[in-house]
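In what follows, chains carry the letters A, B, and so on, assigned in the order in which the sequence lines appear, proteins first and then strands, with residues in each chain numbered from 1.
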Amino acid sequence: MGKFYVTTAIDYVNGVPHIGHAYEKILTDVIYRHYTQRCENTFFLTGTDEHGIKIQKTSAEKGISPKEFCDMNAQSFKDAWKKLDIGYSKFIRTTDEEHEKVVQKIFQKLLDKGDIYKHAYTGLYCSGCEAFLSEKDLTEDGLCPDHQKKPEVVSEENYFFKLTKYKDAIIKHIQTHPDFIMPSWRATEVLNQLEHIEDISVSRSKSNVSWNIPVLNDDEQGIYVWIDALSNYITAIGYDPDGSSDLFKALWPVDVHVIGKDILKFHSIYWIGILMALDLPLPKHIFAHGWITIDQTKMSKSLGNVISPTSILESFNLEIPDPLRYYMATSAPCGKDGNYSDDDFKEKVNAHLANSMGNLLNRTLSMLVKYFDGDIKPGFLGKNELTEQAVNTIKAVKHHFDYFEIAEAGQKIIELVDITNKYVTDNAPWTLAKEGNMERCGVVLTNVLEVMCVITSLIYPYCPNIARSMSDQLSYNLDTKLDNLTCSNLKSGHLIDKENIKPVFLRMDSELADKAQKIK
RNA sequence: GGCUGAGUAGCUCAGUUGGUGAGAGCGCACGGCUCAUACCCGUGAGGUCGACGGUUCGAAUCCAUCCUCAGCUACCA
């Protein structure tokens with residue numbers, strides 16, 4: 001494989017990051033890191049969506065300019081991602097000058113083409129939604145169900161995008177590309193929505209909303225979210241109607257847009273329509289993930305159970321984000337909702353990362369030092385009975401990632417860990433050593449260490465810090481591509497000294513958990 | 001109302017096109033081991049596989065009806 005381009009949704013900076021935002025970035029980062037192990041040229045885009053009336057209003061309430069407000073919140077997103085080791089290649093903000101300029105050009109191009117037209121209408125406008133509502137959307141009292149406010153009757157002339165023109169083509173594309181929308185069962189949902197689609201309004205009157213990108217040659221209108229926000233996926237890498245960058249040519253079409261299930265409609269219908277209108281190739285995949293619930297309850301501000309990603313790291317006293325990354329990435333089956341609870345988090349992470357995986361490396365290296373002074377003798381190499389299992393796991397993990405089954409892939413890795421732990425117990429190197437069967441003892445330990453190298457590579461996307469610690473102790477090259485990954489990674493000679501053997505992840509003990517409970 | 005998905009051991013879930021006594025992980029209990037991060041390995045607890053029918057020699061797995069949950073989406077008022 002050559003290149004791999006992956007994006008997250010860009011987050012609206014009206015608030016600070018919570019665990020739902022983090023979930024998506026972690027998933028995407030795991031996907032991204034996995035593909036860096038398979039491709040030469042990879043790119044990971046994330047960022048923030050910064051225009052619109054909500055930001056205009058919130059910043060006004062705070063008495064600061066919208067830009068200042070955005071700067072502040074965008075930074076808090078960047079800070080959070082840093083703490084989670086989200087290794088994005090670029091962080092785009094829709095207020096970036098370059099983005100704004102290209103969005104204006106895109107708008108103009110569609111206007112010139114006739115795919116955007118002006119249309120006057122009267123409707124019920126809810127400023128909270130920043131959208132027109134139809135009567136049937138309202139409550140019995142005639143209020144907006146989301147904002148409990150009475151919408152105003154507004155007469156407005158806006159620009160509309162001819163989405164209906166592309167309706168049939170979009171339907172056909174979805175039908176003929178079963179892996180376009182993933183998980184595939186969500187495609188039915190989208191096809192259903194397509195039946196009732198209408199042209200979408202893509203501008204707002206400047207008198208209602210001032211914090212947006214102006215339409216060129218029209219002082220009355222500003223560009224609304226669809227063309228502004230969705231375009232980030234192409235403007236960020238240098239798309240330009242007048243001639244795109246080499247980076248864009250190398251990366252587009254995107255391999256996968258990772259998004260939440262709530263915005264699938266916008267990505268699989270609106271965005272696809274826009275791309276068709278721009279004569280650009282379509283995304284290879286759109287992956288809609290589920291939600292993270294907290295203790296089986298939906299996270300929401302009104303319930304007051306919004307959790308920030310970093311508060312989990314702090315309350316458990318974690319110095320590395322790996323456990324949280326691992327838990328997030330493996331707790332929800334592909335595309336479905338997952339749940340977070342403190343107990344479950346601690347349980348899973350202790351069991352998999354500390355007890356099984358970490359301890360396996362630790363016990364094996366300890367024996368190598370105890371029985372062989374940390375040396376691997378030439379005769380220990382090349383007779384690995386676990387090769388087949390390891391190779392099968394590599395295959396299975398790659399296969400799962402092809403379908404963005406991140407949790408399922410993680411499960412396979414831990415299965416290999418379990419198999420290897422059992423192999424150690426079954427072969428009891430400590431007994432072999434006592435019996436003086438040193439050759440066999442060395443072979444067994446080396447076999448395990450070879451598999452540990454494989455595990456190190458496979459776990460890396462989930463736990464980059466732990467993987468690095470493992471690779472250090474194994475003198476293993478973590479840059480090894482998965483296609484070249486075998487069970488022959490070690491060389492004969494001295495591997496490690498006793499003082500360099502370190503647990504890669506310590507159990508979170510009950511004391512810490514209690515402390516976390518108190519904070520909560 | 002329609003459509004889609006889901007309801008399987010305490011918890012989280014696997015269960016291809018129906019067929020040896022219904023599974024995994026975690027948790028729990030007991031046993032083993034002692035290299036290791038009180039870790040690992042083994043054994044067990046008996047869950048009417050949402051409900052009631054039906055098809056079949058035989059269904060968790062197919063069909064009908066119903067209940068619950070989640071999501072998408074109408075229509076009548």
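Distance A:Ile269 CD1 to B:U73 P: 9 Å, rounded to the nearest Å. Distance CG (A:Leu191) to C1' (B:A74): 17 Å, rounded to an integer number of Å.
Ring pair A:Phe404/A:Phe287 is parallel by interplanar angle, where below 30° counts as parallel and above 60° as perpendicular.
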Can you give one letter per nucleotide of nucleotides 26-34 of chain B, going 5' to 3': B for a protein heavy atom under 4.0 Å from the base, S for sugar-phosphate only, - for none?
SS-----SS
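Side-chain nitrogen and oxygen atoms of A:Asn192 include none within less than 4.0 Å of the OP1 or OP2 phosphate oxygen of B:C3. One finds no side-chain N or O of A:Lys502 lying less than 4.0 angstrom from the OP1 or OP2 phosphate oxygen of B:U37.
For the 3.5 Å distance criterion, the side chains of A:Asp199 and A:Thr164 qualify, holding a donor opposite an acceptor. Between the side chains of A:Ser471 and A:Tyr460, no donor N or O sits under 3.5 Å from an acceptor N or O. For the residue pair A:Asn350 / A:Asn355, no side-chain donor-acceptor distance below 3.5 Å is found, with atom types taken as modelled. Remark: the A:His257 side chain and the A:Thr7 side chain contain an N/O donor-acceptor pair separated by less than 3.5 Å. In summary, the side chains of A:Asp115 and A:Tyr166 do present a donor paired with an acceptor at a separation below 3.5 Å, with no hydrogens or angles considered.
Comparing B:C26 with B:U68, their P atoms are spaced 36 Å from each other, to the whole Å. B:C63 and B:G7 have their P atoms separated by 15 Å, given to the nearest Å. Between B:G15 and B:G25, the two C1' atoms lie 14 Å apart (nearest whole Å).
Judged as a ring-ring contact (aromatic ring centres under 6.0 Å, His included), the pairs with a partner in residues 361-382 of chain A (not counting sequence neighbours) are, in order, A:Phe372-A:Phe380.
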Just the dot-bracket of RNA chain B, please: which string comes out with Watson-Crick or G-U pairs under 3.5 Å, [ ] for crossing, | for another strand?
(((((((..((((.....[...)))).(((((.......))))).....((.((..]....)).)))))))))....
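Residue A:His399 places its NE2 atom among 12 or fewer non-hydrogen atoms of other residues, nucleotides or ligands, all under 6.0 Å distant.
Remark: A:Arg325 fails to qualify as a cation-pi partner of A:Tyr462 under the 6.0 Å distance and 45° angle criteria applied to the six-membered ring.
Mapping A:Gln193 and A:Met367 onto RNA chain B by nearest heavy atom places A:Met367 at the nucleotide closer to the 5' end. Nearest-nucleotide mapping onto RNA chain B: of A:Leu360 and A:Glu415, the residue sitting toward the 5' end is A:Glu415.
With distances taken from any side-chain atom of A:Asn421 to the nucleotides B:C72, B:A36, B:C41, the minimum falls on B:C41.
Among the heavy atoms of the strands lying under 4.0 Å from A:Val504 is at least one base atom, whether or not backbone atoms are also near.
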